[in-house]
Amino acid sequence: MTFLGLPSTTPPAPRTPRAPSTESAPTDAADGGRDLTLLYRGPLASCDYDCPYCPFAKRRDTPDQLRADRAALERFTGWAAGRAGSGDTLALLFTPWGEGLVRSWYRRALAELSRLPHVRRVAIQTNLSCRTDWLAEADSDTLALWVTYHPGQVTRERFLAKCRELDAMGVRYSVGVVGQPEHLAEARRLRAELDAGVYLWVNAAEGRTYTDAEAADWAAVDPHFGYSRHAHPSADRPCRTGESVLSVDGDGTVRRCHFVRDVLGNLYDGSYRTQLRARGCPLPVCDCHIGYVHLETLPLYELFGAGVLERVPHDWPPRG
């Protein structure tokens with residue numbers, strides 16, 4: 001299994017992007033408005049944690065790389081703001097290689113985007129090591145967090161204190177752990193101490209096969225662990241990626257998802273618009289949540305409803 005959308009490859013070398021622009025290319029508006037979900041991943045690759053299961057642990061970006069990432073993010077934010085009045089509505093998930101919220105430009109981008117009326121959701125994957133006061137500037141009806149707890153990198157008490165700050169501010173979020181055997185006891189304690197209204201998900205560990213007994217242990221923590229336990233057949237099966245769900249990198253290159261390298265066009269010249277259509281998946285299997293959640297053969301849009309991006313089931317906590 002892949003973890004948090006991080007395939008075992010290195011990120012592309014950052015390029016210096018062109019200046020931000022809010023102009024719409026003619027082809028970008030010719031087909032009228034669309035409801036688009038965009039997964040944005042810029043060149044940022046640095047993280048303040050050193051998890052042994054992550055290939056990007058404790059990486060350090062150079063000052064030039066950080067400037068390039070900031071310029072790329074500001075360009076993307078400018079494009080999103082410029083879609084006001086176009087008829088488009090946007091749901092935006094930031095899936096950085098590293099930790100974004102320790103950088104001021106990510107915090108500012110999320111707060112600004114959350115206040116735009118044509119943005120229905122903006123979320124980011126984060127370890128929650130950042131401060132939380134900036135969230136007061138965001139629209140809590142629009143912004144959400146996909147939070148991962150990493151035992152060994154932060155104490156449970158410190159992590160839970162941050163979660164309680166989110167609770168007090170009314171921030172919508174989920175929490176997750178990687179299903180490593182050594183994490184099970186911590187996951188159980190975390191579930192017991194988290195607010196009941198917070199969904200705790202479990203990602204199957206990459207390369208690990210779970211016995212039925214092991215899977216049952218994890219399902220007691222996350223009742224939906226079964227979707228992560230096995231990779232999902234996807235070859236030629238209908239998927240929303242490439243039609244209403246797209247992956248965007250720091251240069252504006254648009255692909256159907258993070259795991260299919262075929263290019264559909266560029267966000268900033270509008271060339272991607274003519275390529276938006278239903279199509280089957282070209283890969284034999286899909287083993288990452290941010291990919292298979294969009295497969296039409298799985299009932300995950302029904303399960304998560306408006307919480308698809310932040311991984312919060314629509315009926316959480318379950319009744320009964």
Report yes if the side chains of Arg108 and Glu112 come closer than 4.5 Å at any heavy-atom pair, otherwise no.
yes
Can you tell me if [X] and [Y] form a side-chain donor-acceptor pair at under 3.5 Å?
X	Y	answer
Thr89	Asp35	yes
Asp69	Tyr106	yes
Asp48	Ser129	yes
Asp61	Ser46	yes
Thr253	Asp251	no
Tyr40	Asp249	no

Cation-pi check for Phe304 against Arg311: NZ or CZ below 6.0 Å from the six-membered ring centre and within 45 degrees of the axis, yes or no?
no
Using side chain to side chain contact (heavy atoms under 4.5 Å, CB included) as the criterion, point out the one residue from Leu39, Leu309, Ile290 that pairs with Gln125.
Ile290
Only one of Val102, Val147, Leu110 passes side chain to side chain contact (heavy atoms under 4.5 Å, CB included) with Thr126, and that residue is Val147
Could you check whether His289 and Trp146 have their ring centres less than 6.0 Å apart?
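Yes, the ring centres sit under 6.0 Å apart.
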Would you say the ring centroid of Tyr301 lies under 6.0 angstrom from that of His314?
no
Verdict with supporting geometry, Tyr272 and Asn266, side chain to side chain contact (heavy atoms under 4.5 Å, CB included)
CA-CA 5 Å; Tyr272 74 100; Asn266 191 276; over 6 Å; no
Using the ring of each side chain (for Trp, its six-membered ring), is Phe225 parallel, tilted or perpendicular to Tyr210, with breaks at 30° and 60°?
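Plane angle over 60°, so perpendicular.
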Relative to the ring of Phe76, is the ring of Phe94 parallel (under 30°), tilted (30 to 60°) or perpendicular (over 60°)?
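Answer is perpendicular, since the angle exceeds 60°.
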For Arg279 and Gly242, indicate whether the former's side chain and the latter's backbone hold a donor-acceptor pair under 3.5 Å.
yes
If you apply the rule salt bridge (charged side-chain N to carboxylate O under 4.0 Å, His left out), what do you find for Asp88 with Arg273, and how did you get there?
CA-CA 12 Å; Asp88 282 354; Arg273 302 285 283 207; 2.8 Å; yes
Does anything in residues 163-174 pair up under side chain to side chain donor-acceptor pair (under 3.5 Å), and if so which pairs, sequence neighbours excluded?
Thr132-Glu165, Asp167-Tyr173, Arg172-Glu310, Ser174-Trp201
